Amino acid sequence: MTGPARFITFEGGEGAGKTTQIARLAERLRDRGAMVTVTREPGGTPEAEAIRGLLVQGEAGRWDPLAETLLHLAARRQHLERLIRPALAGGRWVLCDRFLDSTRAYQGAAQGVAPDVIEALAQPVMQGLEPGLTLVLDLPPQAGLARAAARGDTGRYERWPLSHHQAIRQAFLDIAAREPDRCRVVDAEQPPEAVAAVIWQTMQGRFPEVA
Ligand code: TMP
(Lines give C-alpha, C1' and ligand atoms only; values in the text may rest on other atoms or scores of the structure.)
Protein backbone atom coordinates (compact mmCIF):
# COMPACT_ATOMS: atom_id res chain seq x y z
CA MET A 1 0.00 0.00 0.00
CA THR A 2 1.26 3.47 -0.76
CA GLY A 3 0.40 6.60 1.20
CA PRO A 4 0.12 6.89 4.97
CA ALA A 5 -0.80 3.75 6.91
CA ARG A 6 -4.49 3.50 7.71
CA PHE A 7 -3.41 3.49 11.32
CA ILE A 8 -4.82 6.40 13.27
CA THR A 9 -3.89 7.11 16.85
CA PHE A 10 -5.73 9.35 19.29
CA GLU A 11 -3.73 11.02 22.03
CA GLY A 12 -4.40 13.50 24.81
CA GLY A 13 -4.71 13.84 28.55
CA GLU A 14 -7.38 12.33 30.76
CA GLY A 15 -10.99 13.15 29.88
CA ALA A 16 -10.20 14.57 26.43
CA GLY A 17 -13.06 12.68 24.74
CA LYS A 18 -10.96 10.19 22.75
CA THR A 19 -13.37 7.29 23.19
CA THR A 20 -16.33 9.32 21.90
CA GLN A 21 -14.41 10.61 18.91
CA ILE A 22 -13.02 7.20 18.00
CA ALA A 23 -16.54 5.74 18.01
CA ARG A 24 -17.78 8.56 15.75
CA LEU A 25 -14.93 8.19 13.30
CA ALA A 26 -15.33 4.42 13.19
CA GLU A 27 -19.02 4.83 12.40
CA ARG A 28 -18.30 7.34 9.67
CA LEU A 29 -15.72 5.07 8.03
CA ARG A 30 -18.00 2.02 8.30
CA ASP A 31 -20.81 4.01 6.68
CA ARG A 32 -18.50 4.32 3.69
CA GLY A 33 -18.00 0.55 3.61
CA ALA A 34 -14.58 0.51 5.29
CA MET A 35 -13.46 -2.30 7.59
CA VAL A 36 -12.46 -0.76 10.91
CA THR A 37 -10.76 -2.09 14.02
CA VAL A 38 -11.10 0.00 17.17
CA THR A 39 -8.58 -0.72 19.88
CA ARG A 40 -6.75 0.84 22.80
CA GLU A 41 -3.49 0.98 24.71
CA PRO A 42 -2.40 -0.29 27.04
CA GLY A 43 -4.47 -3.27 25.95
CA GLY A 44 -6.16 -4.46 22.80
CA THR A 45 -5.38 -8.18 23.21
CA PRO A 46 -6.02 -10.43 26.23
CA GLU A 47 -2.33 -10.46 27.19
CA ALA A 48 -1.90 -6.71 26.81
CA GLU A 49 -5.13 -6.12 28.75
CA ALA A 50 -3.65 -8.18 31.59
CA ILE A 51 -0.62 -5.87 31.58
CA ARG A 52 -3.02 -2.89 31.54
CA GLY A 53 -4.47 -4.10 34.84
CA LEU A 54 -1.02 -3.88 36.41
CA LEU A 55 -0.53 -0.34 35.12
CA VAL A 56 -3.83 1.43 35.71
CA GLN A 57 -4.62 0.12 39.19
CA GLY A 58 -3.00 0.62 42.56
CA GLU A 59 -0.95 3.26 44.21
CA ALA A 60 0.12 6.22 42.02
CA GLY A 61 3.86 5.70 42.60
CA ARG A 62 3.89 1.90 42.58
CA TRP A 63 6.09 1.51 39.50
CA ASP A 64 9.65 2.49 38.91
CA PRO A 65 9.41 4.71 35.79
CA LEU A 66 11.65 2.55 33.60
CA ALA A 67 9.85 -0.63 34.68
CA GLU A 68 6.58 1.09 33.80
CA THR A 69 7.95 2.07 30.38
CA LEU A 70 8.93 -1.55 29.72
CA LEU A 71 5.46 -2.76 30.68
CA HIS A 72 3.84 -0.32 28.25
CA LEU A 73 6.25 -1.41 25.52
CA ALA A 74 5.64 -5.11 26.24
CA ALA A 75 1.90 -4.55 25.94
CA ARG A 76 2.46 -2.53 22.74
CA ARG A 77 4.62 -5.19 21.14
CA GLN A 78 2.00 -7.88 21.77
CA HIS A 79 -0.74 -5.57 20.49
CA LEU A 80 1.21 -4.69 17.35
CA GLU A 81 2.15 -8.24 16.45
CA ARG A 82 -1.14 -9.95 17.28
CA LEU A 83 -3.71 -7.32 16.35
CA ILE A 84 -2.55 -4.11 14.68
CA ARG A 85 -0.22 -5.46 11.97
CA PRO A 86 -2.55 -8.30 10.95
CA ALA A 87 -5.50 -5.89 10.76
CA LEU A 88 -3.57 -3.41 8.59
CA ALA A 89 -2.31 -6.24 6.38
CA GLY A 90 -5.94 -7.33 5.94
CA GLY A 91 -6.89 -3.90 4.61
CA ARG A 92 -8.56 -2.67 7.77
CA TRP A 93 -8.39 0.80 9.26
CA VAL A 94 -7.06 0.70 12.81
CA LEU A 95 -8.20 3.40 15.23
CA CYS A 96 -6.16 3.22 18.41
CA ASP A 97 -6.86 5.03 21.69
CA ARG A 98 -3.29 6.04 22.72
CA PHE A 99 0.02 4.79 21.39
CA LEU A 100 3.75 5.57 21.61
CA ASP A 101 3.21 9.32 22.10
CA SER A 102 1.55 8.47 25.43
CA THR A 103 4.75 6.74 26.53
CA ARG A 104 6.73 9.82 25.46
CA ALA A 105 4.37 12.09 27.43
CA TYR A 106 3.54 10.01 30.54
CA GLN A 107 6.76 8.07 31.11
CA GLY A 108 9.08 10.57 29.41
CA ALA A 109 7.89 14.09 30.16
CA ALA A 110 6.02 13.36 33.41
CA GLN A 111 8.14 10.60 34.93
CA GLY A 112 11.53 11.62 33.63
CA VAL A 113 12.55 8.61 31.52
CA ALA A 114 15.07 10.02 29.03
CA PRO A 115 13.66 10.50 25.52
CA ASP A 116 16.60 8.69 23.89
CA VAL A 117 16.01 5.68 26.15
CA ILE A 118 12.34 5.56 25.11
CA GLU A 119 13.21 5.87 21.41
CA ALA A 120 15.92 3.20 21.64
CA LEU A 121 13.60 0.75 23.41
CA ALA A 122 10.72 1.52 21.05
CA GLN A 123 12.71 0.87 17.88
CA PRO A 124 12.67 -2.94 17.90
CA VAL A 125 9.06 -2.89 19.13
CA MET A 126 7.85 -0.69 16.29
CA GLN A 127 10.15 -1.83 13.48
CA GLY A 128 9.42 1.29 11.47
CA LEU A 129 5.63 1.27 11.75
CA GLU A 130 4.26 4.79 12.26
CA PRO A 131 0.70 6.01 12.57
CA GLY A 132 -0.54 7.57 9.34
CA LEU A 133 -2.26 10.22 11.44
CA THR A 134 -2.20 11.15 15.11
CA LEU A 135 -5.02 13.28 16.48
CA VAL A 136 -4.04 15.10 19.68
CA LEU A 137 -7.17 16.09 21.59
CA ASP A 138 -6.03 19.04 23.64
CA LEU A 139 -7.63 20.61 26.69
CA PRO A 140 -6.47 22.03 30.04
CA PRO A 141 -5.76 19.16 32.46
CA GLN A 142 -8.05 20.59 35.14
CA ALA A 143 -11.00 20.37 32.72
CA GLY A 144 -10.08 16.87 31.58
CA LEU A 145 -9.55 15.54 35.09
CA ALA A 146 -12.92 16.97 36.16
CA ARG A 147 -14.60 15.17 33.24
CA ALA A 148 -12.80 11.92 34.14
CA ALA A 149 -13.82 12.25 37.81
CA ALA A 150 -17.44 12.93 36.83
CA ARG A 151 -17.60 9.60 35.02
CA GLY A 152 -15.95 7.80 37.94
CA ASP A 153 -12.46 7.32 36.44
CA THR A 154 -10.18 7.32 39.45
CA GLY A 155 -7.38 5.10 38.18
CA ARG A 156 -3.72 5.36 38.97
CA TYR A 157 -2.91 7.94 36.31
CA GLU A 158 -5.84 10.18 37.22
CA ARG A 159 -4.33 10.34 40.71
CA TRP A 160 -1.00 11.66 39.51
CA PRO A 161 -0.27 15.27 40.58
CA LEU A 162 -1.57 18.11 38.42
CA SER A 163 2.03 19.10 37.55
CA HIS A 164 2.43 15.70 35.83
CA HIS A 165 -0.74 16.28 33.82
CA GLN A 166 0.48 19.74 32.81
CA ALA A 167 3.78 18.23 31.63
CA ILE A 168 1.85 15.58 29.68
CA ARG A 169 -0.24 18.20 27.90
CA GLN A 170 2.85 20.19 26.95
CA ALA A 171 4.61 17.02 25.76
CA PHE A 172 1.78 16.19 23.33
CA LEU A 173 1.85 19.76 21.99
CA ASP A 174 5.64 19.57 21.57
CA ILE A 175 5.42 16.24 19.71
CA ALA A 176 2.76 17.68 17.40
CA ALA A 177 4.89 20.76 16.70
CA ARG A 178 7.89 18.55 15.88
CA GLU A 179 5.91 16.22 13.61
CA PRO A 180 3.32 18.37 11.83
CA ASP A 181 2.91 15.91 8.95
CA ARG A 182 1.78 13.11 11.27
CA CYS A 183 0.04 15.03 14.06
CA ARG A 184 -2.93 17.35 14.23
CA VAL A 185 -3.90 19.15 17.44
CA VAL A 186 -7.65 19.49 17.94
CA ASP A 187 -9.20 21.80 20.53
CA ALA A 188 -11.11 19.30 22.70
CA GLU A 189 -12.91 21.96 24.74
CA GLN A 190 -15.30 22.45 21.81
CA PRO A 191 -18.59 20.50 21.72
CA PRO A 192 -18.14 16.89 20.51
CA GLU A 193 -19.81 17.66 17.14
CA ALA A 194 -17.28 20.41 16.44
CA VAL A 195 -14.37 18.14 17.40
CA ALA A 196 -15.75 15.41 15.13
CA ALA A 197 -16.04 17.87 12.23
CA VAL A 198 -12.39 18.92 12.55
CA ILE A 199 -11.33 15.28 12.72
CA TRP A 200 -13.27 14.36 9.58
CA GLN A 201 -11.87 17.33 7.71
CA THR A 202 -8.37 16.27 8.75
CA MET A 203 -9.06 12.70 7.62
CA GLN A 204 -10.12 13.91 4.19
CA GLY A 205 -6.96 15.95 3.84
CA ARG A 206 -4.73 13.09 4.89
CA PHE A 207 -6.45 10.17 3.18
CA PRO A 208 -7.71 11.14 -0.28
CA GLU A 209 -9.65 7.86 -0.48
CA VAL A 210 -12.20 9.13 2.07
CA ALA A 211 -12.55 12.60 0.52
P1 TMP B 1 -6.92 5.55 29.20
O2 TMP B 1 -7.39 5.90 30.56
O3 TMP B 1 -6.84 6.72 28.30
O4 TMP B 1 -7.60 4.38 28.62
O5 TMP B 1 -5.36 5.08 29.34
C6 TMP B 1 -4.87 4.42 30.41
C7 TMP B 1 -3.75 5.19 31.05
O8 TMP B 1 -2.50 4.70 30.61
C9 TMP B 1 -3.75 6.68 30.78
O10 TMP B 1 -3.96 7.34 31.99
C11 TMP B 1 -2.37 6.97 30.26
C12 TMP B 1 -1.56 5.76 30.54
N13 TMP B 1 -0.56 5.43 29.53
C14 TMP B 1 0.79 5.65 29.80
O15 TMP B 1 1.13 6.15 30.86
N16 TMP B 1 1.71 5.30 28.85
C17 TMP B 1 1.38 4.72 27.66
O18 TMP B 1 2.25 4.41 26.84
C19 TMP B 1 -0.03 4.50 27.40
C20 TMP B 1 -0.44 3.86 26.12
C21 TMP B 1 -0.95 4.86 28.35
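From a predicted model like this one, the values you see are computed outputs, not experimental measurements. Just follow the structure's listing: the first ligand is 1, and inside any ligand the first atom is 1.
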Ligand 1 contacted by Arg76 (non-hydrogen, < 4.0 Å):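 Judged by the 4.0 Å heavy-atom criterion, Arg76 does count as contacting ligand 1.
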
Gln107 touching ligand 1 at heavy-atom level, < 4.0 angstrom: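 Within the 4.0 Å threshold, so yes.
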
Atom indices of ligand 1 within 4.0 angstrom of Tyr106 heavy atoms, with elements: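 The list of qualifying atoms is 10 (O), 11 (C), 14 (C), 15 (O).
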
For Glu41, the ligand 1 atoms whose distance to one of its heavy atoms is below 4.0 Å: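 Atoms satisfying the 4.0 Å criterion: 20 (C).
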
Reported CZ-to-CD distance for the pair Arg151 and Glu14, which is rounded to 0.5 angstrom: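 Reported to 0.5 Å precision, the distance equals 8.0 Å.
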
Nearest-0.5 Å distance that lies between atom CG in Leu145 and atom OG1 in Thr154: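 Here the rounded value is 12.0 Å.
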
Ring pair (Phe, Tyr, Trp, His ring centres under 6.0 Å) partner of Phe7, chosen from Phe99, Trp93, Phe207: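 So the option named by the test is Phe99.
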
Closest protein heavy atom to atom 4 (O) of ligand 1, given as residue, atom name and distance to 0.1 Å: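 Checked against all protein heavy atoms, atom 4 (O) of ligand 1 sits closest to Arg52 NH2, 2.9 Å.
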
Distance from atom 5 (O) of ligand 1 to nearest protein heavy atom, with residue and atom: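 Residue, atom and distance for the closest contact: Arg98 NE, 3.2 Å.
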
Contact (N/O only, under 3.5 Å) between Lys18 and ligand 1: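 N/O-N/O distance under 3.5 Å: yes.
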
Exam field: side chain Arg92 to backbone Pro86, donor-acceptor pair closer than 3.5 Å: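 The answer is no, because no donor-acceptor pair under 3.5 Å joins these two groups.
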
Which segment of His72 sits under 4.0 Å of ligand 1 when only heavy atoms are counted: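 Under 4.0 Å from ligand 1, His72 contributes side-chain atoms alone.
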
